[in-house]
Every structure is written in structure tokens, then in C-alpha cells.
Trainee: 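Dropping the structure in here first, questions after.
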Amino acid sequence: MPPRPKKHLCPFQLAGIDYIDYKDTEMLSQYITYYRSIQSRFHTGVSLKMQKQLARAVKRARQMGLIAPVRYN
Amino acid sequence: MKKYEMMVIIQNDRSEAEAKGFLKDKVIKKVKDEGGKVTFEDFWGARGFAYMINQEKWGYYAVIQFDGAPEIVKTITTDFNILKGLVRFMIMKVDKKAPEPVSYSDMQKNWEAQKREKQIADAEAEEKATKPAAKADKKETPKTEETKETRAKEATTEKTDEPSVDSSIDSAIDAL
């Protein structure tokens, strides 16, 4: 029997973070791709609860010009 | 009464002092006139946009938190939509889980501290990765000799048996 794969743990849960602020661009930039799209839960292991908060925070930051919505080159 | 947060971008055709005056005389005054209670205000200063907004590359940012009735949000938005000198603004509810507001300068300090911590952690991880590899090389060389000796002894005493050799390798792996 091959060993069971390790369970994905939410990075926010591990760090004890309960709320995602849209002004914290340094943190948000870890969860967006090279072309500035929101990275999927499959790749980051973020829980569904925090992914919804994260998406809202990224969209707010985009609206206020803190994060670019897309990168062309 | 509900808690609200407003982020404001002021046009860059004025100096920083004038932008601060605009924030006080136009934005905060409007909120106070409507019956809101301003609990937190933070002027970020000049900051570049991530993309062009109204053919401009930068503006003055400011963040305000205020308590007020839900109805005043509508009146403020209708007023600010006409107000000249405001590039963009956004009003949102403050989450119950949200911690106390932090100023932009403190946020930048936190980011720098986090970067330093990361650098230190990465350096430690690199050291750990290199050291055990060196130790393993030192350990491996004598053990291979031992296994060769055991094999030689076995060869001298009796004919070589495959299972015995395997067990010696397994023990060496366990020791590692």
C-alpha cells in the first residue's frame, strides 16, 4: 500500500489569520498568478471560507488601483 | 449605527498639503454633516496606480472609518459622484472579524519585518540543507567499506547469500 497523501492545510488557518484585508497587497500578491488572475484553491490549498474572502479582497484592491487586473506582457 | 470604511483617491493636480486640506474640508466634513462619527483617518500620501486611471499614473490615497446610519451612505455616494477632485472612492462595511485599523506607514514596516524574517528563515533552511548532506557523505564512505568487509568475510567463510547482503544494506539505511 502506498502511503496516504498528506492532507492539504489552509495557509491562513495555519497562520491563525481570520480576516483578509484588501489593503495588504504584499499578502494578496502571493495568491495571484503571473498574469494577475486569482490563483485557484486547488494550487494554494486555501479553504473555501477564506477563498471567498480572498477573492473579495483582490477585487476591491483592483478597483482602487492597488493591484493590476491583468498583465499583458 | 454601523461601521463603514471609505477609501479615497484625490487628484494629483495639487500639492500634498492641498490634498490633505481637500480631505478635511470636503470628504470628512461631508461625513460629519450627514451625522457620521469619524473614528479613524489615515492619509497615505502620493502613490502610484497599478494601471492608468483617467489618463493619470498616480494620486493621493486616504482611508477613513466612520460610524453612521445606513442611509447616509447613499447621500454621500450621490454627492461624491459629482465632486470634482475625487478620482475614485469606495465605501464598504467593516467586517466583524476585522482587527483595529492600522496606518499605512505601520503596514509598510510590517511588510519589511516579514521580508527580513523570510530572508533569515531561508538562510537557515539553506544551511540545514547543506550541513546534513555533508554529514551524510562522511557517514556513507565508512559504511560502504564496512559492507565491503562484511561481504569479504562472508565470501571467505561461506558462499555469498543474497538475503544476508540485503539485510546489511537495510541496517545501514536505518542507521542513516
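Atoms considered below: every heavy atom in the structure, side chains included; atoms not considered: hydrogens, waters and symmetry mates.
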Trainee: Give me a line-by-line list of donor-acceptor atom pairs from chain B to chain A that are under 3.5 Å apart, or tell me none exist.
Mentor:
unit_1   : atom_1 : unit_2  : atom_2 : d
B:Glu5   : OE2    : A:Tyr22 : OH     : 3.1
B:Glu5   : OE2    : A:Lys23 : NZ     : 3.0
B:Ala50  : N      : A:Gly65 : O      : 2.9
B:Tyr51  : OH     : A:Arg62 : O      : 2.5
B:Tyr61  : OH     : A:Met64 : O      : 2.7
B:Arg88  : NH1    : A:Gln63 : O      : 2.8
B:Trp111 : NE1    : A:Asp24 : OD1    : 2.7

Trainee: Check the hydrophobic clustering (I, L, V, M, F, W, Y; side-chain heavy atoms under 4.5 Å; chains of links allowed) and say if A:Phe12 and A:Leu28 are grouped together.
Mentor: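 Yes; tracing contacts between hydrophobic side chains, which count when under 4.5 Å, links both residues.
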
Trainee: Could you work out, with side chain to side chain contact (heavy atoms under 4.5 Å, CB included) as the rule, every residue matching B:Leu83, not counting sequence neighbours?
Mentor: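 Here the qualifying residues are B:Phe22, B:Lys26, B:Phe80, B:Leu86.
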
Trainee: B:Val8 and B:Phe43: same hydrophobic cluster, using ILVMFWY side-chain contacts below 4.5 Å?
Mentor: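 Yes: a chain of side-chain contacts under 4.5 Å links B:Val8 to B:Phe43.
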
Trainee: Apply salt bridge (Lys or Arg N to Asp or Glu O under 4.0 Å) to the pair B:Lys30 and B:Glu34, showing each step before the final yes or no.
Mentor: CA-CA 6 Å; B:Lys30 177 70 192 166; B:Glu34 295 293 333; 2.9 Å; yes

Trainee: Between A:Val46 and A:Val58, is there shared hydrophobic-cluster membership here, with clusters defined by ILVMFWY side-chain heavy atoms closer than 4.5 Å?
Mentor: yes

Trainee: Is chain A contacted by the side chain of B:Met7, its backbone, both, or neither, given a heavy-atom distance below 4.5 Å?
Mentor: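 For B:Met7, the contact with chain A is made by backbone and side chain together.
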
Trainee: Is it the side chain or the backbone of B:Val63 that comes within 4.5 Å of chain A heavy atoms, both, or neither?
Mentor: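 For B:Val63, the contact with chain A is made by the side chain alone.
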
Trainee: Identify the two heavy atoms, one from A:Ala68 and one from B:Ala50, that lie closest to each other, and give their separation to 0.1 Å.
Mentor: N-CB, 3.3 Å

Trainee: Restricting to non-hydrogen atoms, name the atom on B:Val31 and the atom on B:Met6 that form the minimum distance, rounded to 0.1 Å.
Mentor: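 Between these two residues, the closest heavy atoms are CG2-CE, 3.9 Å.
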
Trainee: Where on A:Ile67 is there a heavy atom nearer than 4.5 Å to chain B: the side chain, the backbone, both, or neither?
Mentor: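 When you check distances to chain B, only backbone atoms of A:Ile67 fall under 4.5 Å.
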
